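Worksheet for the structure shown next.
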Amino acid sequence: METQEGPAGNTWSGTDPSAGPPPAPLPRSFFQRDARVVARALLGKVLVRDDGRSARIVETEAYRGSLDPGSHTYRGPTPRNATMFGPAGHLYVYFTYGMHWCANAVCGDESDGTAVLLRAAAPLTGLEAMRDARRVRRDVDLCNGPAKLCQAFGVDRAFDGADVVAADRGLWFADDGTAPPRRPGNSTRVGLTQGRDHPWRWWVPGDPNVSKGRPS
DNA sequence: GGTAAGATCAGC
DNA sequence: CTGATCTTACCA
């Protein structure tokens, strides 16, 4: 019988004593589904980093490969999107607008090129580290956008390809018992010029940490 | 080799 | 609403 413990090699050091032991990572099968299903299922799950930072996912978007003109993988494999064409349960991190990083959870079957963009989250623990990484007045501004979330968690190029099931880089998703909303908010995606008709954005209704980004 | 656009954000 | 800031992808 094993005691409840985090992924091998990780040292949970959450600053909130009530946070308890490190929650186990979601299994790979969680991600091996249609990205639209995973996008909704991720609402309410917790993004965890082994330095104590954690936040509840409150907004996501699905990107669907060759079926989706708005996806980085729409036109086939390139050096940049290689991770998205790999196995589910890895993190696809890309650089954009000359200064921002954004993170996705790769979904579906290998070579599908599908993923879920993490658009916003509600900070839970490790707020000091997040405030350190981002100079903002209100905590609600720490993770209320895809690039803000990455900055708050210190996610950059070094995390592209990270296995969030094996948690090989100290980053994973956990289920703390919070169920996804019965009826999530839904709209077209934010910031796209192509594929903007697809309603593949979802969020937790009423959560103040949902991004201010407007659908295209 | 040149260039246009980009799954964004902060400040005015 | 605009500027920042630079990588990527695509075309010549």
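As the structure is a computational prediction, the values presented were derived from the model and not from experiment. Every chain is numbered from 1 and lettered A, B, ... according to where its sequence line falls, protein lines coming before strand lines.
- Following rounding to the nearest Å, Tyr74(A) (OH) and dA5(B) (C1') show an atom-to-atom distance of 17 Å.
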Fill in the dot-bracket string of DNA chain B, one character per base: . for unpaired, | for a pair to another strand, ( ) or [ ] for pairs within the strand, taking Watson-Crick or G-U pairs under 3.5 Å. ||||||.||||.
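- Under the stacking criterion of a centre-to-centre distance below 5.5 angstrom and an interplanar angle below 30°, Tyr94(A) is not stacked against the six-membered ring of dA7(B).
- For the pair Arg64(A) CZ and dA7(B) P, the computed distance is 18 Å after rounding to whole Å.
- Using modelled atom types, one finds a donor on one side chain and an acceptor on the other under 3.5 Å when comparing Asp160(A) with Thr83(A).
- Nearest nucleotide to the Pro146(A) side chain, out of dC10(C), dT8(B), dA10(B): dT8(B).
- Closest to the side chain of Leu117(A), out of dC9(B), dA7(B), dC6(C), is dA7(B).
- Spacing between atom CD of Glu61(A) and atom P of dA7(B) amounts to 11 Å, rounded to whole angstrom units.
- Distances shown here put every side-chain N or O of Arg135(A) at or beyond 4.0 Å from the OP1 or OP2 atom of dA10(B).
- What separates CE of Met99(A) from P of dA5(B) is a distance of 17 Å, to the nearest Å.
- The side chain of Arg134(A) approaches dA10(B) more closely than any other nucleotide in the set dT8(B), dA10(B), dT7(C).
- At whole-Å resolution of the value, CG in Leu192(A) and P in dT8(B) are 7 Å apart.
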